[in-house]
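What follows is one structure encoded as structure tokens, with my remarks underneath.
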Amino acid sequence: PPRSTLFPYTTLFRSYDNLFLGLGNPATCAATKGCVPVNLFGPMSAEAADYIRFTTRESNSTEIYDLAFNVTGDLYELPAGPLAVAAGYEYRQNKATDTPDPVVNAPSKYLSSAYAATSSQTRVPTTGQYSLHEAYVELAAPLLRDMPMAQSLDLSLAARYSNYDTVGDATTVKVGLGWRPVEDVLMRGTWSQGFRAPSILELFQGGREVLLQV
């Protein structure tokens, strides 16, 4: 079954439109339902503070569908020990949505359309998904055991194939060698390749306003 998370949350900001009305012509404020006059040069009443306060309501959600199959075991016996193998297949589908408050993204009713209606940061909604198929195989081969200057010498090999429906496919490999000349000394070296596909936000995130503080 999918694993899903939904994060609705609220944050308090200021309504520029209400602040404009509260600071503007008293007759206009009186004629506007709910308007409370605002005096920035004196103690602000609780009613005025509530009037210019804006509560942002938005939500984020993510979903992950995952199907995996794995098998492990020994293929056959080598002189130094069993040749172990692990292999598997996995299918994943990731979905995400980001739904901002529509009032936040709307232009001001009373100021220039270049101004937002609130002090909250505007952003474009984000919706996206991607899926991938992956297959891997790993081998652990003991090469030497209980030999002079080679109490153990082990070779590990691994390969993984990834196919994304967004950015294509890639194959990565890993080779490792572990040498234990004596019981208390182990030297290990690994060479490997890495691959990271872009996330949903990196692929589908809409434009957003960012405020920098210096």
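The figures here come from the full heavy-atom set of this structure, side chains too, leaving out hydrogens, waters and symmetry mates. Start at 1 with the first residue, then count along the sequence.
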Any ion pair linking E134 and R92 (charged N to carboxylate O, less than 4.0 Å)?
yes

Do any N or O atoms from the side chain of D101 and from the backbone of R57 form a donor-acceptor pair under 3.5 angstrom?
yes

Sidechain-backbone polar pair: N18 side chain, C35 backbone, donor-acceptor under 3.5 Å
no

Please round to the nearest 0.5 Å and tell me the distance separating atom OG1 of T126 and atom CG of L201.
6.5 Å

Kindly compute the distance separating CD (Q193) from NZ (K174), expressed to the nearest 0.5 Å.
12.5 Å

Are L144 and W179 close enough that some pair of their side-chain heavy atoms sits under 4.5 Å apart?
no

Hey, are the side chains of D98 and R123 touching, using non-hydrogen atoms and a 4.5 Å cut-off?
yes

Point-to-point distance, once rounded to the nearest 0.5 Å, from CG of D50 to CE of M44
10.5 Å

V175, M187: one ILVMFWY side-chain cluster at the under-4.5 Å cut-off?
yes

Do the non-hydrogen side-chain atoms of S15 and I52 ever get within less than 4.5 Å of each other?
no

With a 4.5 Å heavy-atom cut-off, do F54 and D17 have their side chains touching?
no

Worked verdict on D165 versus Y130 for side chain to side chain donor-acceptor pair (under 3.5 Å)
CA-CA 6 Å; D165 65 357; Y130 68 86; over 6 Å; no

Same cluster or not: are Y89 and V71 linked, directly or through other Ile, Leu, Val, Met, Phe, Trp or Tyr residues, by side-chain heavy atoms under 4.5 angstrom apart?
no

State, to 0.1 Å, how close R145 and A80 come at their nearest heavy-atom pair, and which atoms those are.
NE-O, 3.4 Å

Taking every heavy atom of T72 against every heavy atom of A86, the minimum-distance pair comes out as CG2-CB, 3.7 Å

Answer with yes or no whether the hydrophobic clustering places L132 together with I64; edges join I, L, V, M, F, W, Y residues whose side-chain heavy atoms lie under 4.5 Å apart.
no

Measuring from T171:OG1 to R160:CZ, what's the distance to the nearest 0.5 Å?
11.0 Å

Hphob cluster co-occupancy, Y65 + L203, side-chain heavy atoms under 4.5 angstrom
no

Whether the side chain of T97 engages the backbone of T127 through a donor-acceptor N/O pair (distance < 3.5 Å, no angle test) should be reported.
no

Taking atom OH as the centre, does Y115 end up with more than 12 heavy-atom neighbours from other residues, nucleotides or ligands that are less than 6.0 angstrom away?
no

Is the shortest heavy-atom distance from the side chain of V167 to the side chain of P198 under 4.5 Å?
yes

Do you know which two heavy atoms are closest between N105 and P100, and how far apart they sit?
ND2-CG, 3.5 Å

Using a 4.5 Å cut-off on heavy atoms from C-beta on, say whether the side chain of L21 contacts that of T28.
yes

Find out whether S199 and Q205 are in side-chain contact, i.e. whether some heavy atom of one side chain is under 4.5 Å from a heavy atom of the other.
no

Is the closest side-chain heavy-atom distance between Q151 and D146 below 4.5 Å?
yes

Spell out, yes or no, whether M147 and V182 are grouped together once hydrophobic residues are joined by side-chain heavy atoms under 4.5 Å, including indirect joins.
no

Where do A48 and P37 come nearest, in terms of heavy atoms and distance?
CB-O, 3.8 Å

Sort out for me which residue in Y91, Y164, Y161 forms a ring pair (Phe, Tyr, Trp, His ring centres under 6.0 Å) with H133.
Y91

Output the distance between atom CG (N94) and atom OG1 (T62), rounded to the nearest 0.5 Å.
8.5 Å

Give the minimum heavy-atom separation between G88 and N70, together with the two atoms involved.
CA-OD1, 3.9 Å

Drop me the distance from E90's CD to L67's CG, to the nearest 0.5 angstrom.
8.5 Å

Which heavy atom in L23 sits nearest to a heavy atom in V38, and how many Å separate them?
CD2-O, 3.3 Å

